[in-house]
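Structure, as structure tokens:
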Amino acid sequence: MDRAAAPAPVLSGAPVSADISNDEFSAGIVLLVDGEGYLCCLEVYSIGDEPVRRLPPVEQINASPQG
């Protein structure tokens with residue numbers, strides 16, 4: 001695992017989810033960060049009929065902690 005980048009601050013052990021909706025598709029994202037602040041799991045799923053073919057710009061992702 002590449003740990004050259006700085007880790008994210010760990011505020012909670014709960015997953016973070018995000019919803020994405022634009023003209024191309026609607027999707028959801030779930031991500032998990034390990035206890036040290038590094039991404040350990042990323043799941044992207046379609047909410048509509050069209051599959052997710054690429055991630056949108058980060059500005060369009062609205063994340064919120066779950067838990």
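The residues of the chain are indexed from 1 along the displayed sequence.
When all heavy atoms of Asp34 and Cys40 are compared, the closest pair comes out as N-SG, 3.8 Å.
Pairs engaging residues 36-46 under the salt bridge (Lys or Arg N to Asp or Glu O under 4.0 Å) rule: Arg3-Glu36 [sequence neighbours left out].
Of the possible donor and acceptor atoms, one in the side chain of Tyr38 sits under 3.5 Å from a partner among the backbone N and O of Ala5.
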